[in-house]
Amino acid sequence: MSYELERKKWGRNPLQMVELHLDYCGNVFGDSACGARGNQCYNTFFTCRSQSNFLKREKVYKFATANSKLPNGENIFPRLVSVDVVPAEIQSKGLAARGMVSIYFDDFPHHDRGTDPYWKERQGSKEGTFFGRLIARNPYVKGRKIVIKQGFIDDDGAFQYRPHTYFIDRIEPPNSRGRVKIVAEDILSATSNKKAKAPLESTGKLSELLEIDATELEVDDTASYPVGGGEVVIGGEVIKYTSISGKKLTGLTRGTNRPAEEHDEGDSVQLVLTYKNKNVKEVIEDLVIFYGGVDPQYIDSQGWENERVTWLNDIKLSGSIVKPTGLQNILAEITEQIGVYLWWDDESAKLRMKAIAPALPTESVAYVDDTNILENSIKVESLEKERLSEVVMNYIMRDVAEGDEDNNFKKKVISLNPDAEHEFQYGEKKNKTFNSRFIQSDAVADSLTQRVLERFKDAPLQITFKLDASQADIKTGDHLLISTRLVQNINGEAEARRYIVMKSKLLKDGVWEYKALEFKDASNGDFGLFAENIILSYSDESDENRQKYAFYADDEGLNSDGSEGIKYV
Amino acid sequence: MSSLIVQKGDNNKHLRFAYHNLMEEAVSVVASSESLDFPVENSYDANSYDFFKPGNVGESYIEIDLGVSKGADYFAFYGHNLHKTGGNIKLMYLAGDTWVDATALISPVDSKPKILFFDMIYAVKWRVIFNSTPVVSISTIMFGRHLQSETGVWSGFSSPYFADSDKEMVNKSEVGAVVGSSIVYEGISMSIPLKYLSRDWMYNNWIPFKEHFKKGKPFFFIWHNGLYPNEVAYCWKDGRTPKAKLQTYKHMQLTLKVRGLIE
């Protein structure tokens, strides 16, 4: 049996299970590795009597919704009331809205067997409730993993599921009716502006006057500055240094952004974050892992690399961030300007990145229509606010220590759609302006603005709909074709259009809810890749390669089999 | 008007409730071995969501020392994996220096609750014997004296196999086609009418059972041991404990509303 089989079965038996992964000591109280004496602990850090010897391991507490066929032989508490998931939602701008989950349990009296490792020896009456005691023994739960398993119990009583991983923000104590709430977030919460900044705040200050022509500077504390050199900013002047000797930053290049100035003793010396000629993957990985503190195991590194190689290879980022800036703002800026989606895939437990690009010719695209969309679940909206007729990008900063005002950029590129502004079409201008501190190339700036304009030259449609689990083969970030009677062509026929899944959410009892945004580009979905040298002529190639690559067409624009050739746009 | 289906005195057709558990009265309950986090206490705490697992495969046992001789006439268990492991289980008692079978060896073929009745046996020490590879896991074991009502069932009663309380959902598409269905199994829900019970029976039997019932503690229930010895439910009260009322000058009646598990 498997999840894939169970979800397609008639009369499948849905179940939600929640696993709390909390810290737990691997030692036994009082043994030589532990060394504690006196009253026994509960093998949690808070109750530990020998914290220097705490051996961090994990204990998993399992809860499930009421179901008379719970798997046998596991300690699963059937006290899970509901799981309210607000999944990560890709935004048209790039950085996803963070996923959040609220989970409700009923508290209950419990004998402490399986939770208190020393229950047999412990003296005294057993008072309180399961969650009351759990919270008291485990106050440090922030950031610990919580896994929501959604799936079905098969005929053998085994649970076939898909896991959805989040991280605990807090456990709220039982209310007067014994209801307990756990709030958890996705990994992108680590990058919120309140939690993470880039560059890090530097602690050093000038310990003496810095004269206008000085070639080294002395600080009271060098801990914030890389030994191998870097850039710092003092009073708006960016200064490059090559090494550190004692308390001195040496080999200075003064005033890389503006004329050098004199600086007073006590002036703060802030490290500047600088990227030079880095690709998108390198920059985002550095920001998320180093500044956001995200464990690299949660990065879909290979997937990011695939996207970079396929769609983002010609984009190099160079720029400086002078003032510690909220990480979420930086990521939003980069993802929007470069045209990538960044979101937490709770099912694979990976932070995923995807270029905003059409589906590859080799990529299978799901098809959904009125025969599988659940009745009364579909809603179509036209996102007029997203429509654009002019996209501007200002790039190459004059002075990195100044803000990102329009007049602080040396160059500008404008992509226009005058037809859309004509009175026969929309009759108005709709402008979007990007101020980019990381883009340095004219070609890249031009290409990015054109892509954005092409995607939003008309108001995109947004569709929400539900599917039965048996039909739910799509995930967030997937391309799909949707054909519905609510979106018709000029003849009144249902028109299949291309969309990207922005959000997917499993409601309980085997129904999935989706939100999808219409996707448009210059190719209109019909494009081919530049072929390798070994590729044969169209008539001699395999069907797979004909689909994948672009071939020269004849003078009429047709392939040798009469099909329409691919246009170079 | 209700009609009497089963006559008094036909006790194999009378309702049977098994709530008395000698394991709860024991001086000691010790397993031959235990798995970490699955101690023997889990087997008689009435919870169906925690389990006892011996520490070894093959033969293992739970020994119950009552301190004094006490009688039992039923053995029931629920929440096990013996039907998957091909294992078996039986109840024994110590007679002199010899362990004697109280029940035959039982090799369950499904996960349904099981109850076996036997003539009253008195003993100080008892053993529940398992033989299972892989290791058995079991949530509930009970043995002791069972309670029989003075009558059988009454019309309108849904027996456990017909008292499903599941949540059933069928999903239809925009064009009206059926695309999938789900069933959340939530056990059974029954009303058990008890009628024409003598006042003596009520005072002697219902009052002690009521104390158990009122706490919400589970019990085994079988409605017709003669015809349907396998139709057993592991039940607990649903809502408030009912008030017993006089039905005639000599008889009383009440209806037990229960939830239960049948597999």
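Numbered from 1 within each chain, the chains take letters A, B, ... in sequence-line order.
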*Under 4.5 Å from any heavy atom of chain A - which part of B/Phe38*: side chain
Are there donor-acceptor atom pairs under 3.5 Å between chain B and chain A, and if so which?
residue, atom, partner, partner atom, Å
B/Glu34, OE1, A/Lys120, NZ, 2.9
B/Glu34, OE2, A/Lys120, NZ, 3.3
B/Asp37, O, A/Asn75, ND2, 3.1
B/Asp37, OD2, A/Lys59, NZ, 3.4
B/Glu41, O, A/Arg113, NH2, 3.4
B/Asn42, OD1, A/Arg113, NE, 2.6
B/Asn42, OD1, A/Arg113, NH2, 3.2
B/Asp45, OD2, A/His111, NE2, 3.3
B/Asp45, OD2, A/Arg113, NH2, 2.7
B/Asp50, OD2, A/His111, NE2, 2.5
B/Lys53, NZ, A/Gly73, O, 2.8
B/Gly79, O, A/Asn72, ND2, 3.1
B/His80, O, A/Asn72, ND2, 3.3
B/Lys84, NZ, A/Asp156, O, 2.3
B/Ser137, OG, A/Asn72, OD1, 2.3
B/Lys167, NZ, A/Asp509, OD2, 3.4
B/Asn171, ND2, A/Asp468, OD1, 2.6
B/Lys172, O, A/Glu375, N, 2.9
B/Ser173, OG, A/Thr371, O, 3.2
B/Glu174, N, A/Asp370, O, 3.3
B/Glu174, N, A/Ile373, O, 2.6
B/Glu174, OE1, A/Arg485, NH2, 2.6
B/Glu174, OE2, A/Asn376, N, 2.7
B/Val175, N, A/Asp370, O, 3.4
B/Val179, O, A/Ser470, OG, 2.9
B/Ser181, O, A/Gly11, N, 3.3
B/Ser181, O, A/Arg12, N, 3.3
B/Ser181, O, A/Arg12, NE, 3.2
B/Ser181, OG, A/Gly11, N, 2.8
B/Ser182, OG, A/Arg12, NE, 2.9
B/Ser182, OG, A/Arg12, NH2, 3.2
B/Ser182, OG, A/Asp509, O, 3.1
B/Ile183, N, A/Arg12, O, 2.8
B/Tyr185, O, A/Ser68, N, 2.7
B/Tyr185, O, A/Ser68, OG, 3.4
B/Glu263, OE2, A/Lys69, NZ, 3.4

*Between B/Val178, B/Val184, B/Ile183, which shows the greatest number of heavy-atom pairs under 4.5 Å with chain A?*
B/Ile183
*asked:* Tell me which of these, A/Ile153, A/Ile373, A/Leu15, has more heavy-atom pairs under 4.5 Å with chain B than the rest.
replied: A/Ile373
